[in-house]
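Some notes on the structure that comes next.
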Amino acid sequence: MTIRVGILGATGYTAFELARILLRHNGAKITALTTRQDDRPHVSSVHPQLTGRLDLHLENLSLDELAERCDCIFGCLPHAASAAVVPGLLERGLKVVDLSADYRLRDVAVYEKWYGEKHPDPARLPNSVYGLPELFRDTIRGAELIANPGCYPTSATLALAPLLKNGMIQPTDILVDSKSGVSGAGRTPKLGTLYCEVNESFSAYGVGTHRHMPEIEQNLQQASGQKCSVIFTPHLVPMDRGILSTCYAKPTGPVTTAEAIAALREFYADEPFVQVIDGMPATKSVSGTNYCHLTARVVNDRIIVIAVIDNLIKGASGAAVQNFNLMYDLAETTALVD
Ligand SMILES: NC(=O)C1=CN([C@@H]2O[C@H](COP(=O)(O)OP(=O)(O)OC[C@H]3O[C@@H](n4cnc5c(N)ncnc54)[C@H](OP(=O)(O)O)[C@@H]3O)[C@@H](O)[C@H]2O)C=CC1
Ligand SMILES: CC(=O)N[C@@H](CCC(=O)OP(=O)(O)O)C(=O)O
């Protein structure tokens with residue numbers, strides 16, 4: 001069986017990474033790429049890396065046209081734009097993996113507070129399926145709509161959830177200090193991502209206001225069954241891609257570095273994409289891959305967990321294909337390992 005897939009917002013970075021991964025997927029065929037442009041650019045003019053590998057034009061397609069051509073849609077649109085089209089896709093019988101933030105937060109009031117706008121499809125939020133397989137695999141299998149996780153929340157949740165679940169750390173007083181490469185902000189031009197703004201510079205942003213803070217808290221609460229409170233501070237690093245999150249938590253009792261690492265290793269023993277390492281994780285080690293590398297250290301009265309991912313792969317398009325594989329009951333690692 002070949003599943004026909006469409007990619008919305010195909011001019012962007014996550015869409016490019018999806019196309020690259022799906023081209024080596026033996027159960028999927030890309031049959032539609034969308035843009036708001038009306039001049040039908042060939043994919044090779046938008047993503048020259050795909051020249052000779054994918055012969056499709058990007059088109060401004062209607063929902064009915066998408067339903068004729070596709071079985072499953074990967075939505076790579078900004079938030080709010082995504083939830084404006086997802087209901088129509090689901091009504092036409094398509095499955096959807098939504099890379100935007102629109103279906104991640106289950107509480108409409110929390111969405112509207114942190115995103116500062118009305119949600120276009122609030123009725124679906126309470127039952128949405130959050131696509132982080134390492135924690136919520138069973139709910140992803142067979143789902144019609146997956147909320148693909150945010151890049152920072154993926155790194156922080158993978159770092160902290162195992163230690164919360166096994167009672168090794170306290171659920172409050174958690175600090176997440178993250179650094180991201182500039183592709184995390186997307187390909188759509190913005191002042192803050194111009195070369196002269198970011199090159200040779202390093203800055204924090206969204207301190208206390210970043211919308212990934214409630215997403216991290218929701219994940220940790222769902223995983224551990226405890227009310228969690230997190231302070232999350234993101235930083236922009238002058239590199240193309242990669243996220244490094246350093247997470248600080250208070251242990252519930254005496255613990256050593258070896259015990260903390262052993263707890264992570266036990267939790268992820270059967271996970272194909274999480275590697276617990278003894279040394280220090282580096283973004284370069286996971287660049288272009290769907291892997292997360294993690295380690296832990298105990299320093300004075302804190303456990304520090306350090307996680308790295310590629311924001312465009314495990315933080316976006318690789319995770320989306322991992323979810324797609326689960327939704328269609330395919331081998332979970334299909335197209336994601338060499
Ligand atoms: N970059 C990352 O690391 C991550 C991104 N995400 C999320 O994935 C989604 C895609 O991100 P990314 O690929 O980086 O973004 P990009 O900015 O690279 O691409 C988004 C694409 O969406 C289209 N678009 C923009 N605005 C609208 C609109 N109002 N209505 C319809 N289409 C629009 C544009 O295509 P065109 O102009 O051709 O129509 C654009 O190319 C976003 O929701 C983002 O938050 C999630 C995790 C990580
Ligand atoms: C470096 C950078 O700007 N990163 C983005 C996060 C990308 C992401 O995962 O965003 P969504 O939750 O919107 O999908 C940001 O901080 O807004």
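Counting starts at 1 for both ligands and their atoms, in listed order. Position 1 is the first residue of the sequence; numbering continues from there. Note that the coordinates shown come from a computational prediction; the quantities given were computed from them, not determined experimentally.
Remark: Lys118 is not positioned above the aromatic ring of Tyr111, lacking an NZ or CZ atom under 6.0 angstrom from the ring centre and at most 45 degrees off the axis.
Closest to atom 10 (C) of ligand 1 by heavy atom, among Cys76, Gly315, Pro41, Ser82, is Cys76. Taking each of Arg104, Arg241, Arg36 in turn, the one with a heavy atom nearest to atom 25 (C) of ligand 1 proves to be Arg36. Nearest-residue assignment for atom 16 (P) of ligand 1 (options His212, Glu17, Arg187; heavy-atom criterion): Arg187.
Of all the heavy atoms of Ala10, none lies under 4.0 Å from any atom of ligand 1, so neither backbone nor side chain is involved. Contact annotation: for Ala81 versus ligand 1, heavy atoms closer than 4.0 Å belong to the side chain alone.
For a threshold of 3.5 Å applied to N or O pairs, the pair formed by Asn311 and ligand 1 contains at least one separation below that value. Considering backbone and side-chain N/O atoms, Thr35 comes within less than 3.5 Å of an N/O atom of ligand 1. Geometrically, ligand 2 and Ser180 share no nitrogen or oxygen pair separated by less than 3.5 Å.
At a distance under 4.0 Å, no protein heavy atom can be found next to atom 45 (O) of ligand 1.
For Tyr115 and His79, the gap between ring centers is short of 6.0 Å.
Contact record, Ile304 with Thr246: CG2-CG2, 3.6 Å, taken as the closest heavy-atom pair. Asp38 and Asn60 make their closest contact through OD1-ND2, 3.0 Å (heavy atoms, listed as atom of the first residue, atom of the second, distance).
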